[in-house]
Structures are given as structure tokens and as C-alpha cells.
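The block underneath contains the structure these notes are about, expressed in C-alpha cells.
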Amino acid sequence: MDNVGIVVDDLEAAIAFFGELGLELEAKMPVEGRWAARVVGLDEQRVDIAMMRTPDGHSRLELMRFRTPEAISGEPRNAPPNTLGIRRIMFAVDDIEDVIARLRVHGAELVGELVRYEDSYRLCYLRGPEGIIVALAEPLN
């Protein structure tokens with residue numbers, strides 16, 4: 001996988017949020033022009049993107065803020081975890097309680113509870129900017 005794309009209204013807030021998860025801003029730039037419109041099928045599109053690299057360097061997250069045409073919502077803003085489509089992105093973390101605390105500074109809220117799954121993981125879902133759900137998994141060794 002090369003990257004996962006997420007459309008947001010507040011690009012800076014999303015960059016800060018995913019930065020707390022250890023993703024590094026690789027590039028930030030506007031994208032527009034006929035070639036871009038042809039790829040996504042949106043005439044006269046103008047979008048600001050921020051490409052963020054995962055800590056292991058294997059994948060990237062592309063955050064996009066559409067200037068034209070304006071972004072639209074295809075579902076409720078804070079859709080529940082059982083809504084069809086991509087619902088969450090999971091990150092492995094070393095200290096789940098520390099990560100939760102740092103993400104709360106960026107407005108994140110627990111969706112459910114922090115739980116232990118057998119002797120394998122501590123897990124939780126958090127809702128971040130734009131209603132994005134991220135899951136955290138702390139392996140138990």
C-alpha cells in the first residue's frame with residue numbers, strides 16, 4: 001500500500017493530530033490542473049494536500065483539503081463504527097495511555113473504553129478531527 005487518503009476541513013488540525021501519532025510531514029502542497037481533475041473526475045479541482053509518512057517508513061497518509069469544489073459530507077459527521085466504508089485506521093503504540101493523553105490535547109475523545117484483549121493487546125477507539133476514528137493497539141509482551 002502506498003497511502004490512504006482522508007478529506008478534511010482543517011488541514012492544520014489534522015496534521016497536528018496525526019503528528020502526535022508519530023507520522024512525519026513529508027510534503028505539503030497545492031494540487032490543481034487538468035491532469036489532477038482528470039484523475040479524480042472533478043472539473044477545476046483545487047486541493048491542498050499534506051503527505052504524512054508512518055514512523056516505520058512503509059506507508060503514508062494523504063490529508064486533503066478541497067478548495068474547489070467544496071468538500072461534501074456523504075454520511076453523518078460523527079458516524080458510528082458500524083457505518084459502511086472505511087471506519088478507522090489502527091496504530092500500534094508503546095504506551096496507549098500516554099498517546100490518549102496527547103491526542104486529547106487535539107480534541108480526541110474515546111469512542112468506547114480502553115480495554116484489554118486477552119494477553120495480547122490493550123485497545124481503544126478515539127474520534128479525532130473531522131470525526132476520524134483511529135484505533136490504538138498496545139501490544140502486551
Side-chain angles (χ1 to χ4, degrees), residues 1-33 35-141:
M1 177 177 73
D2 183 73
N3 73 66
V4 172
I6 300 176
V7 177
V8 299
D9 281 328
D10 189 338
L11 189 59
E12 295 306 319
I15 291 169
F17 181 82
F18 286 104
E20 282 295 343
L21 283 165
L23 279 76
E24 181 180 325
L25 182 62
E26 189 174 79
K28 185 176 169 187
M29 69 190 82
V31 175
E32 60 186 303
W35 73 269
R38 289 176 55 209
V39 168
V40 299
L42 295 172
D43 292 334
E44 300 181 31
Q45 72 128 26
R46 288 181 43 230
V47 63
D48 294 325
I49 67 163
M51 191 65 75
M52 301 193 74
R53 186 178 47 247
T54 57
D56 64 8
H58 294 292
S59 296
R60 295 181 295 176
L61 182 65
E62 182 178 343
L63 302 171
M64 299 164 277
R65 181 184 182 278
F66 276 82
R67 296 203 177 270
T68 59
E70 186 175 311
I72 59 171
S73 178
E75 57 193 38
R77 184 161 184 88
N78 289 322
N82 64 335
T83 304
L84 293 173
I86 297 174
R87 280 302 103 220
R88 58 123 179 108
I89 302 171
M90 182 173 275
F91 294 90
V93 298
D94 293 328
D95 183 343
I96 198 166
E97 290 175 10
D98 175 62
V99 175
I100 291 169
R102 288 186 291 122
L103 292 178
R104 281 188 166 144
V105 172
H106 296 277
E109 298 178 357
L110 282 170
V111 173
E113 300 176 34
L114 173 58
V115 300
R116 182 183 178 115
Y117 174 70
E118 298 178 350
D119 290 330
S120 301
Y121 293 96
R122 293 177 73 204
L123 304 162
C124 71
Y125 276 23
L126 291 164
R127 190 175 304 277
E130 315 291 335
I132 297 166
I133 296 176
V134 295
L136 304 178
E138 177 186 335
L140 300 174
N141 299 338

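Here the closest heavy-atom approach between residue A135 and residue R88 is recorded as CB-CD, 3.6 Å. Of all non-hydrogen atoms in L123 and A137, the two that sit nearest each other are CD2-CB, 3.5 Å. Here the closest non-hydrogen pair linking I100 and C124 is CD1-SG, 3.8 Å.
Atom CG of D119 has 12 or fewer heavy atoms from other residues, nucleotides or ligands within 6.0 Å. The environment of CZ in R38 is sparse: at most 12 heavy-atom neighbours from other residues, nucleotides or ligands sit within 6.0 Å. Shown here is N141, whose CG atom has no more than 12 heavy atoms of other residues, nucleotides or ligands within 6.0 Å. With a 6.0 Å radius and a threshold of 12 heavy atoms from other residues, nucleotides or ligands, Y121 has its OH atom at or below the threshold.
No side-chain heavy atom of R104 sits less than 4.5 Å from a side-chain heavy atom of L126. You'll find the side chain of T68 stays beyond 4.5 Å of the side chain of E32, heavy atoms only.
Here E62 pairs with nothing under the salt bridge (charged side-chain N to carboxylate O under 4.0 Å, His left out) rule; sequence neighbours left out.
How far CG of D94 is from CG of L136: 11.5 Å, rounded to the nearest 0.5 Å. One finds the CG atom of L114 at 13.5 Å from the OH atom of Y125 (value rounded to the nearest 0.5 Å).
The main-chain N or O of A79 is found under 3.5 Å from a side-chain atom of R127 such that the two form a donor-acceptor pair. No donor-acceptor distance shorter than 3.5 angstrom exists from the side chain of S59 to the backbone of T54, with no hydrogens or angles considered.
Within the structure, salt bridge (Lys or Arg N to Asp or Glu O under 4.0 Å) contacts touching residues 132-141 (residues at least two apart or in different chains) are R122-E138.
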### Message
With side chain to side chain contact (heavy atoms under 4.5 Å, CB included) as the criterion, how do L61 and I89 come out once you've worked through the C-alpha distance, each side chain's angles and the decisive distance to 0.1 Å?
### Response
CA-CA 10 Å; L61 182 65; I89 302 171; 3.9 Å; yes

### Task
Show your working on side chain to side chain contact (heavy atoms under 4.5 Å, CB included) between V31 and M64 and close with a plain yes or no.
CA-CA 10 Å; V31 175; M64 299 164 277; over 6 Å; no

### Message
I'd like to know whether Y117 forms a side chain to side chain contact (heavy atoms under 4.5 Å, CB included) with V115, so could you lay out the CA-CA distance, the side-chain angles of the two residues, the decisive distance to 0.1 Å, and finally the verdict.
### Response
CA-CA 6 Å; Y117 174 70; V115 300; 5.8 Å; no

Donor-acceptor contacts under 3.5 Å from residues 4-28 side chains, at least two apart:
unit_1	atom_1	unit_2	atom_2	d
D10	OD1	E12	N	3.3
D10	OD1	A13	N	3.0
E12	OE2	K28	NZ	2.1
E20	OE1	R102	NH1	2.9
E20	OE2	H106	NE2	3.3
E24	OE2	R53	NH2	3.1
E26	OE1	R60	NH1	3.0
E26	OE2	R53	NH1	2.6

